[in-house]
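These notes are about the structure you will find just below.
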Amino acid sequence: MFVASGFDFSDHKAAAYAPQMTLDMYLAFPEDASKLIEVVDGWIVRCESAEPSHQAIQLNLLIAIREAAGLRDRAKQSCHRVLGDMDVLIADSPKLHFRRADEVVYRCIDDDRGRWGRKPIAGDCLIASEIVSADSITTDIRDKRAEYAAAGIPHYWIVRMTDNDGPAISVERLLLTSDGEYTREGLAIRGRDFHAIDTISPFPLKLTWEALDEGV
């Protein structure tokens, strides 16, 4: 069996030929290399660096969600963190499986919980959102939708861009039902709806298309 202690991480290409990526291996992975991958059922999935339009929309949405979540936390005396490009652990056995969401809202974690530390597991998450790029269409619309639903993440938001390269053209908000499937909670379309996001679930948030696209 392939083990982390027998693997020379100075040659990153060798990781592609490993039987599977385990949590021990991932934790030993160089930081600059670990930022470039997700792991799905033990297999490494390379994540390309996002285009500037994607990054601008990601930042604008992150700021808007963080402000809205902060208002809710202060009112409800709860605590959530809102971060971008955050690893979300879906499973560590029998095979490692984590995704890196563009934005994730998760409950505050005060103490390290084993080897995953203070990073969120799926059960901590309230919202995961993805901004669809040209190279992530199938992953974001089909694969992650199924994986996030199976992992029990209550809300999944999908932002589509014009020609998959900005500006934003639609925002779909999905809600997890009791049967473990996502159903559409809302769909905003540019040119039809004034707000890209106008919701009270899971907290009040209104965001115009112009605010979502700032810097694109």
Side-chain angles (χ1 to χ4, degrees), residues 1-63 65-66 69 79-140 143-144 147-148 151 153 156-157 159 165-166 215:
M1 174 64 70
F2 189 89
V3 295
S5 59
F7 189 74
D8 181 9
F9 284 109
S10 64
D11 182 4
H12 303 337
K13 291 182 179 179
Y17 300 97
Q20 69 175 35
M21 174 69 79
T22 66
L23 181 55
D24 286 336
M25 290 169 59
Y26 178 67
L27 295 177
F29 218 54
E31 184 177 358
D32 59 343
S34 65
K35 292 179 180 179
L36 300 177
I37 66 169
E38 296 174 316
V39 177
V40 176
D41 291 333
W43 294 101
I44 293 174
V45 177
R46 181 174 175 83
C47 301
E48 300 293 336
S49 178
E51 294 294 325
S53 54
H54 179 290
Q55 293 191 37
I57 292 172
Q58 179 183 7
L59 177 60
N60 296 333
L61 183 56
L62 178 67
I63 292 171
I65 294 175
R66 179 175 289 163
C79 181
H80 290 83
R81 300 196 72 186
V82 184
L83 294 174
D85 295 321
M86 172 57 65
D87 295 347
V88 175
L89 182 64
I90 294 174
D92 60 358
S93 65
K95 295 183 178 181
L96 179 63
H97 192 143
F98 74 85
R99 288 294 195 175
R100 184 172 297 112
D102 285 328
E103 293 91 10
V104 61
V105 181
Y106 64 97
R107 65 179 181 84
C108 294
I109 302 167
D110 296 326
D111 302 307
D112 287 349
R113 297 176 303 181
R115 293 173 296 167
W116 196 245
R118 298 188 185 184
K119 293 193 292 186
I121 62 176
D124 299 319
C125 297
L126 180 63
I127 302 174
S129 71
E130 301 287 354
I131 299 147
V132 180
S133 299
D135 60 355
S136 70
I137 297 172
T138 300
T139 299
D140 291 341
D143 298 344
K144 288 188 177 181
E147 292 168 30
Y148 290 160
I153 298 177
Y156 181 34
W157 295 358
V159 180
D165 192 29

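All figures in this text were calculated on a predicted structure; none of them were measured in a lab.
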**Report entry** Pairwise side-chain contact, Leu96 with Leu89, heavy-atom cut-off 4.5 Å (strictly under)
**Finding:** yes

Query raised in the report: Do Arg113 and Asp124 meet the salt-bridge criterion of a basic N to acidic O distance under 4.0 Å?
Result: yes

Query raised in the report: Residues two or more places apart in sequence or in another chain: which of them pass side chain to side chain contact (heavy atoms under 4.5 Å, CB included) with Asn60?
Result: Glu214

Query raised in the report: From Trp43 CH2 over to Met21 CE, what is the distance, rounded to the nearest 0.5 angstrom?
Result: 11.5 Å

Query - Gln58 side, atom CD; Ile131 side, atom CD1 - distance, nearest 0.5 Å - result: 5.0 Å

Query raised in the report: Counting only heavy atoms not in Arg66, do more than 12 fall under 6.0 Å of its CZ?
Result: yes

Query raised in the report: Under the 3.5 angstrom rule, does the side chain of Thr22 hit a backbone N or O of Met25 as a donor-acceptor pair?
Result: yes

**Report entry** Worked verdict on Glu103 versus Ile127 for side-chain contact (heavy atoms from CB on, under 4.5 Å)
**Finding:** CA-CA 8 Å; Glu103 293 91 10; Ile127 302 174; over 6 Å; no

Report task. Measure across Ala50 and Gln55 and return the closest heavy-atom pair with its distance rounded to 0.1 Å. Result -> O-NE2, 2.9 Å

Query - Polar side chain donor-acceptor pair, Asp165 to Ser53, under 3.5 angstrom - result: yes

Query raised in the report: Hey, is the main chain of Glu130 close enough, under 3.5 Å, to the side chain of Asp140 for a donor-acceptor pair?
Result: no

Query raised in the report: Does some side-chain heavy atom of His97 sit less than 4.5 Å from a side-chain heavy atom of Glu147?
Result: yes

Report task. Report yes if the side chains of Trp116 and Leu23 come closer than 4.5 Å at any heavy-atom pair, otherwise no. Result -> yes

**Report entry** Tyr156 and Tyr148 aromatic ring geometry - parallel, tilted or perpendicular at 30°/60° bounds
**Finding:** perpendicular

Requested in this report: State the CG-CD1 distance between Leu59 and Ile57, to the nearest 0.5 angstrom.
Outcome: 11.0 Å

Report task. Nearest 0.5 Å please: distance from the NE2 atom of His80 over to the SG atom of Cys125. Result -> 9.5 Å

Requested in this report: Considering non-hydrogen atoms only, spot the tightest contact between Arg81 and Cys108 and give its length.
Outcome: CG-SG, 3.9 Å

Query raised in the report: Are Arg99 and Val40 close enough, and set up right, to give a side-chain contact (heavy atoms from CB on, under 4.5 Å), and what steps lead you there?
Result: CA-CA 8 Å; Arg99 288 294 195 175; Val40 176; 3.3 Å; yes

Query raised in the report: Quick one: NZ on Lys35 to CG on Asp87, what's the gap to the nearest 0.5 Å?
Result: 11.0 Å

Query raised in the report: Glu38 side chain to Val45 main-chain N or O, any donor-acceptor pair under 3.5 Å?
Result: no

Report summary line: Smallest heavy-atom separation, Val82 atom then Ala69 atom, equals CG2-CB, 3.9 Å

Query raised in the report: Atom CH2 of Trp157 and atom CD1 of Ile65: how far apart are they, to the nearest 0.5 Å?
Result: 5.0 Å

Report summary line: Minimal heavy-atom distance between Ala151 and Ile90, with the atoms involved, is CB-CG2, 4.2 Å

Report task. Taking Arg118 for its side chain and Asp110 for its backbone only, find out whether a donor-acceptor pair lies under 3.5 Å. Result -> yes

Query raised in the report: Is Arg115 close to Asp24 at the side-chain level, that is, under 4.5 Å between some pair of heavy atoms?
Result: yes

Query raised in the report: Is there a side-chain contact between Tyr106 and Leu83 (heavy atoms, below 4.5 Å)?
Result: yes

Requested in this report: Compare all side-chain heavy atoms of Met86 with those of Pro120 and state whether any distance is below 4.5 angstrom.
Outcome: yes

Query raised in the report: Ion pair present between Asp85 and Arg100, side-chain N to carboxylate O less than 4.0 angstrom?
Result: no

